[in-house]
Amino acid sequence: MRKIVLFVFTAAFFVQCASTTKYNKHLNDLIAEGKLQSDVDYTYRKLQEFHPNLYWYISKEALDYKFDSLKSTLTKPMTRFNFYKKLSPVVAAVRQGHSVVYPPTKLLTKRATKALIKKGTGPFSQFDFELFNEKLYVVKNKSYNKTIQAGTEVVAVNGTKPIDLIHEYTQYYSSDGYNITYKTNFSGKRFATLFSNENGIKDSLQFDFKFNNSLKTITIKRKKEDTTDSLSKKIKKKRAAKDKTKSKENRKKKRVNGYYSIEKNYNRNLHFLEKDSSVALIKIRGFKIGDYKTFYKESFSKIAAYQSKTLVLDLRNNGGGRVSEIADLYSYLADSTFVFLDKSEVVSKSSLFKGAYFNGGSFSFKALKIIFSPIIYSYLLLTVHKNQNGKNYYATQTSPHKVSKNAFKGKVYVLINGGSFSASSIISSNLKGSKRACFVGEETGGAYNGTVAGFTPRVKLPNTDIQIRIGLMFMAPHFKTTLEGRGIFPDREIIPTIEDRIKENDPEMNWILEDLKSGI
């Protein structure tokens with residue numbers, strides 16, 4: 001049995017390597033117009049088959065016209081990448097951020113990825129970028145060239161003007177609904193990805209920088225990690241002994257809080273801002289990795305023990321994640337028994353099965369799926385029900401929840417911005433609708449009235465191999481707003497400037513602390 005399992009995984013490894021090589025070899029091949037048109041039809045069929053609220057922000061007539069118009073422009077063969085640029089704006093017209101077309105770029109095998117990492121940190125990864133007033137700035141310099149200061153404008157990279165590329169790509173993806181904060185927040189941070197889509201991964205880049213009206217051109221190369229260790233054996237021995245005593249504690253923290261090894265930071269953190277611990281701050285980067293149940297149980301127990309009077313929940317740049325996690329977190333913030341979500345609409349009883357269960361995964365994992373498919377399909381048939389309106393619904397987090405034992409009863413502030421999306425917008429909707437919190441920052445990138453997500457499988461187009469992500473569940477918070485297609489608006493709007501980034505100033509947090517001092 002052991003040999004059989006080993007054979008399956010070894011075969012899957014070689015199949016993956018072979019398919020990656022084949023894919024890269026034909027990446028720039030011209031695809032005949034008939035096959036391109038066929039993939040357009042396939043895209044629309046899959047959206048209609050899986051997407052439960054396809055015509056929420058665009059009428060069927062308007063979307064039909066966009067797909068028909070796209071087909072009429074495909075009159076000659078083109079590469080996969082050029083086809084991506086034709087198709088993605090049409091999918092983006094649905095105006096739902098979880099539905100996105102992925103650009104066809106060169107794939108790397110695990111071996112190639114390891115070799116690239118071994119070569120050192122890429123030139124883009126040595127900087128943090130943000131967009132302010134239609135200009136791209138360096139907000140953090142992690143490169144070996146320390147002359148580049150925070151607040152330096154990136155005028156061009158290898159001759160490409162950042163704003164030109166950013167403007168082009170804004171038509172290729174969407175937020176949820178009509179807000180623009182999602183794009184303005186992420187476009188600067190995504191510039192490196194956009195550039196790599198167009199030009200591939202580079203070992204060196206020529207940057208044209210501008211600082212205090214002075215222009216300079218600097219070439220940034222890959223940065224190898226410094227492996228030289230100047231510490232004496234004695235110091236290293238002491239450090240090793242110290243690390244050993246803390247290793248168990250550190251492992252637990254990484255497991256519970258969630259740890260990003262590349263960024264070297266934690267997904268969740270609890271801090272106390274005042275000497276008397278009267279203000280607690282919980283920063284959550286995403287509702288994804290880590291043991292969230294343990295984190296919230298221990299954190300709110302500590303907040304109760306310290307008798308904190310104010311809680312600041314920082315959801316800025318939180319792109320979302322698990323619905324089960326936000327429901328658990330809300331149980332520590334709600335002031336009474338609550339219903340967290342409405343029943344989630346799905347296209348049909350089989351759409352979750354065909355769309356989520358059988359999409360994606362390795363060769364060996366798909367084999368396991370086939371074995372368990374009768375059980376899963378039976379479960380979905382029992383849990384998806386047709387309502388009186390003729391629509392199908394899947395119930396998740398819809399039962400009344402009791403508040404947790406150490407639920408926080410004090411004043412709650414929530415920090416939000418355009419990077420607050422998906423699950424972070426859903427919990428914000430309920431906190432806003434229940435008047436449980438004061439919101440500070442800017443309008444969220446996710447919509448107040450819900451999102452189409454839940455399961456978000458990738459569908460591969462048969463002729464171009466381009467992948468499209470489609471949300472399968474229309475998930476709506478218990479509280480709604482009459483303003484359709486917009487996010488959660490802050491009670492106090494504060495938008496940071498490039499000067500704030502240069503000075504490492506947090507104007508939103510500063511306002512909260514001043515507000516507390518004023519006693520308002």
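Note that these values count all heavy atoms, side chains included, but never hydrogens, waters or copies made by symmetry. On a predicted model such as this, the values are computed, not experimentally measured, just so you know.
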Would you call [X] and [Y] a salt bridge, taking side-chain N to carboxylate O under 4.0 Å as the test?
| X | Y | result |
| --- | --- | --- |
| Glu49 | Lys46 | yes |
| Asp291 | Lys254 | no |
| Lys216 | Asp208 | no |
| Lys293 | Glu298 | no |

Is [X] reaching over with its side chain to a backbone N or O of [Y], donor-acceptor style, under 3.5 angstrom?
| X | Y | answer |
| --- | --- | --- |
| Tyr144 | Lys221 | yes |
| Asn179 | Gly445 | yes |
| Lys223 | Ile220 | no |
| Ser38 | Gly34 | no |
| Arg80 | Asp465 | no |
| Arg222 | Gly120 | yes |
| Lys66 | Pro89 | no |
| Asn318 | Ser420 | no |
| Asn141 | Ile148 | yes |
| Asn158 | Gln206 | yes |

**Asked** Passes side-chain contact (heavy atoms from CB on, under 4.5 Å), Tyr44 versus Val90? Steps please.
**Response** CA-CA 10 Å; Tyr44 201 10; Val90 178; over 6 Å; no
**Request:** Name all pairs fulfilling the salt bridge (charged side-chain N to carboxylate O under 4.0 Å, His left out) condition that reach into residues 182-192, sequence neighbours left out, sorted by first residue then second.
**Result:**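 Sorted pair list comes back empty.
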**Prompt:** Which pairs with one or both residues in residues 191-200 pass salt bridge (charged side-chain N to carboxylate O under 4.0 Å, His left out), sequence neighbours excluded?
**Reply:**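 Residue pairs passing salt bridge (charged side-chain N to carboxylate O under 4.0 Å, His left out), neighbours aside: Lys85-Glu198.
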**Item:** CA sep, side-chain torsions, deciding dist, call: Asn257, Asn269, side-chain contact (heavy atoms from CB on, under 4.5 Å)
**Value:** CA-CA 7 Å; Asn257 294 39; Asn269 275 303; 4.0 Å; yes
**Request:** Take Phe129 and Tyr137 through the test ring-ring contact (aromatic ring centres under 6.0 Å, His included) and record every step on the way to the result.
**Result:** CA-CA 6 Å; Phe129 302 109; Tyr137 290 93; over 10 Å; no
To the nearest 0.5 Å, what is the distance between [atom1] on [X] and [atom2] on [Y]?
| X | Y | atom1 | atom2 | answer |
| --- | --- | --- | --- | --- |
| Ser88 | Gln171 | OG | CD | 7.0 Å |
| Met475 | Glu345 | CE | CD | 12.5 Å |
| Ile282 | Phe300 | CD1 | CZ | 4.0 Å |
| Asn82 | Leu30 | CG | CG | 9.0 Å |
| Lys86 | Leu70 | NZ | CG | 7.0 Å |
| Ile426 | Leu341 | CD1 | CG | 5.5 Å |

**Item:** Residue pair Lys118, Lys224: steps toward the side-chain contact (heavy atoms from CB on, under 4.5 Å) verdict
**Value:** CA-CA 8 Å; Lys118 193 175 181 180; Lys224 287 191 175 182; over 6 Å; no
I want to check something: taking the side chain as every heavy atom from C-beta on, are [X] and [Y] in contact at a cut-off of under 4.5 Å?
| X | Y | result |
| --- | --- | --- |
| Phe474 | Trp56 | yes |
| Leu472 | Ser351 | no |
| Glu442 | Asn185 | yes |
| Ile201 | Leu108 | yes |
| Lys460 | Ile466 | no |
| Val138 | Asp128 | no |
| Phe195 | Thr160 | yes |
| His51 | Ile470 | yes |

For [X], give me all partners under side chain to side chain contact (heavy atoms under 4.5 Å, CB included), at least two apart in sequence or on another chain.
| X | result |
| --- | --- |
| Arg501 | Glu130, Phe132, Val139, Pro496, Ile498 |
| Arg322 | Arg268, Tyr292, Ser324, Glu325 |
| Lys297 | Tyr332 |

**Message:** Which residue in the set Leu194, Asn197, Thr170 passes side-chain contact (heavy atoms from CB on, under 4.5 Å) when paired with Leu165?
**Reply:**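 The passing option is Leu194.
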**Message:** Would Lys119 and Asp203 count as a salt bridge (Lys or Arg N to Asp or Glu O under 4.0 Å) here? Give the steps.
**Reply:** CA-CA 9 Å; Lys119 289 170 67 177; Asp203 290 331; 2.8 Å; yes
**Request:** May I ask you to decide if the ring planes of Phe209 and Phe207 are parallel, tilted or perpendicular, using 30° and 60° as cut-offs?
**Result:**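 Parallel, since the angle between the ring planes stays under 30°.
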**Message:** With side-chain contact (heavy atoms from CB on, under 4.5 Å) as the criterion, how do Leu315 and Thr444 come out once you've worked through the C-alpha distance, each side chain's angles and the decisive distance to 0.1 Å?
**Reply:** CA-CA 10 Å; Leu315 299 181; Thr444 60; over 6 Å; no
**Tyr169 and Tyr173: CA distance, side-chain angles, deciding distance, ring-ring contact (aromatic ring centres under 6.0 Å, His included) verdict** = CA-CA 7 Å; Tyr169 270 79; Tyr173 67 96; 8.2 Å; no
**Request:** Could you check Asp39 against Thr464 for side-chain hydrogen bond (donor to acceptor under 3.5 Å, both in side chains), going step by step and ending with a plain yes or no?
**Result:** CA-CA 7 Å; Asp39 273 5; Thr464 58; 2.8 Å; yes
**Asked** Listed by chain and number, what are the ring pair (Phe, Tyr, Trp, His ring centres under 6.0 Å) partners of His98, not counting sequence neighbours?
**Response**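 For His98 the ring pair (Phe, Tyr, Trp, His ring centres under 6.0 Å) partners, ignoring immediate neighbours, are Phe421.
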